[in-house]
Number of protein chains: 2
Amino acid sequence: MEKAHQDIEKRIAEKGIRPTRQRLRVLAYLADIPCHPTVDQIYSALRQDMPDLSRTTVYNTLDVFLKAGLVRSLTISSHEACYEYALNQHSHFLCEHCGKIYDFNISITPITDHDLDGFQIHDKHVYFKGICPKCF
Amino acid sequence: MEKAHQDIEKRIAEKGIRPTRQRLRVLAYLADIPCHPTVDQIYSALRQDMPDLSRTTVYNTLDVFLKAGLVRSLTISSHEACYEYALNQHSHFLCEHCGKIYDFNISITPITDHDLDGFQIHDKHVYFKGICPKCF
DNA sequence: GTTCCTGCAAAAGCTTTGCAGAAGA
DNA sequence: TCTTCTGCAAAGCTTTTGCAGGAAC
């Protein structure tokens, strides 16, 4: 845990981001949990021992991390963005019944080599939707 | 054009959806244009000769079509949903500079056969983001 | 005639903005 | 000290909801 938090500080420093208390906590939270929290989930969780934390700060912080490539934002659920620590790239499955998001791996290749000629690709997202085994 | 609109009526009838004037127009609009309009774009375009059209109706209509599988909704742009006529399945590229969405084709396969064991898949979305050739 | 749909207004939910005070370098 | 960040409140947008009148069958 201590080790993990040192890594967090290092990753923030590497990007030239000022390591405020709030930023360290947000990134540590994302790195620690295996799910894909919304802004409100991050806010509610951290607020338990940071009573002064504001939603605006969570939004600002995630935006800073997003631009630095430290986190990724998922738009799989249409009405609220989810965030995850940008460790390894993977795909996401949204259960339309319980709302849970699962990770899985997939390989993607253009049908023809020319499909994306001249496009500069920054980010790839693969979203599947359906019903998960638990809800089936 | 006449032909196309007959097809629209047929597709709506096949799904057991009551073919109101508004529904026919929304689906015809989506079938006619090659892009991926937002609710507001659909609303503004149709309102020009349907002055009484309401945004609520556009939302309701798209929801009915979505459940029937006649249209697909894209959540590639995080703050507003886009819609397209569900003809053939393809992938989408969002230019982060001009906001334009491009279609392209891609093949996707799970890394292992077990990745999605027991998952009932309803929908697959592949979103790439970056800079398009025009903005590069 | 009955059912379902539409349009309006209001409300709800997520996100952004403006700004004064506080924290970091 | 100077810059940047935080927290609060208010505003902005997209989307949903409730309901009376209207259209479809």
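None of these values were measured; they are calculated from a predicted model. So you know, we letter chains A, B, ... as the sequences are listed, proteins then strands, and number each from 1. All heavy atoms count here, side chains included; hydrogens, waters and symmetry mates do not.
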Test log, rule ring pair (Phe, Tyr, Trp, His ring centres under 6.0 Å), inputs B:Phe93 and A:Phe119 = CA-CA 9 Å; B:Phe93 178 97; A:Phe119 286 77; 4.7 Å; yes
Determine, stepwise, if the pair B:Arg11 / B:Asp7 fulfils salt bridge (charged side-chain N to carboxylate O under 4.0 Å, His left out).
-> CA-CA 6 Å; B:Arg11 291 210 67 189; B:Asp7 288 350; over 6 Å; no
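Considering only side-chain N and O atoms, A:Thr57 lies under 4.0 angstrom from the phosphate OP1 or OP2 of D:dG7. At the phosphate of C:dT6, OP1 or OP2 sits under 4.0 Å from a side-chain N or O atom of B:Thr20. For A:Tyr59, a side-chain nitrogen or oxygen approaches OP1 or OP2 of C:dT15 to under 4.0 Å. Close to D:dC25, at under 4.0 Å from its OP1 or OP2, lies no side-chain N or O of B:Arg18. At C:dA23, none of the side-chain N or O atoms of A:Gln22 fall inside 4.0 Å of OP1 or OP2 (strictly under the cut-off).
Taking the ring axis of B:Tyr102 as reference, the NZ or CZ atom of B:Lys100 stays within 45° of it and closer than 6.0 Å to the ring centre. Cation-pi geometry between B:Lys134 and B:Phe136 is not met at under 6.0 angstrom from the ring centre and within 45 degrees of the axis.
Contact of A:Thr61 with D:dC5 (side chain to base): no donor-acceptor pair of N or O atoms is detected under 3.5 Å.
In this structure, B:Arg55 atom CZ and D:dT14 atom P are separated by 8 Å, rounded to whole Å. Between A:Glu80 atom CD and D:dT14 atom C1' the separation is 13 Å, expressed in whole Å. Spacing between atom CZ of B:Arg21 and atom C1' of D:dA24 amounts to 13 Å, rounded to whole angstrom units. The distance from atom CG of A:Leu62 to atom C1' of C:dT16 is 14 Å, rounded to the nearest whole Å. Computed from coordinates, the B:Asn60 CG to D:dT14 P distance equals 18 Å when rounded to whole Å. For the pair B:Asp63 CG and C:dC5 P, the computed distance is 12 Å after rounding to whole Å. Regarding A:Asp52, its CG atom lies at a distance of 11 Å from the C1' atom of D:dC8, rounded to whole Å. Going from atom CG of A:Leu66 over to atom P of C:dT16 covers 11 Å, rounded to whole Å.
Between A:His92 and A:His90, the ring-plane angle classifies as perpendicular under the 30° and 60° cut-offs.
Each of B:Arg23 and B:His79 was assigned the nucleotide of DNA chain C with the nearest heavy atom; the assignment lying further toward the 5' end belongs to B:Arg23. With DNA chain D read from its 5' end, the first of the two nearest nucleotides for A:Val64 and B:Thr56 is the one closest to A:Val64.
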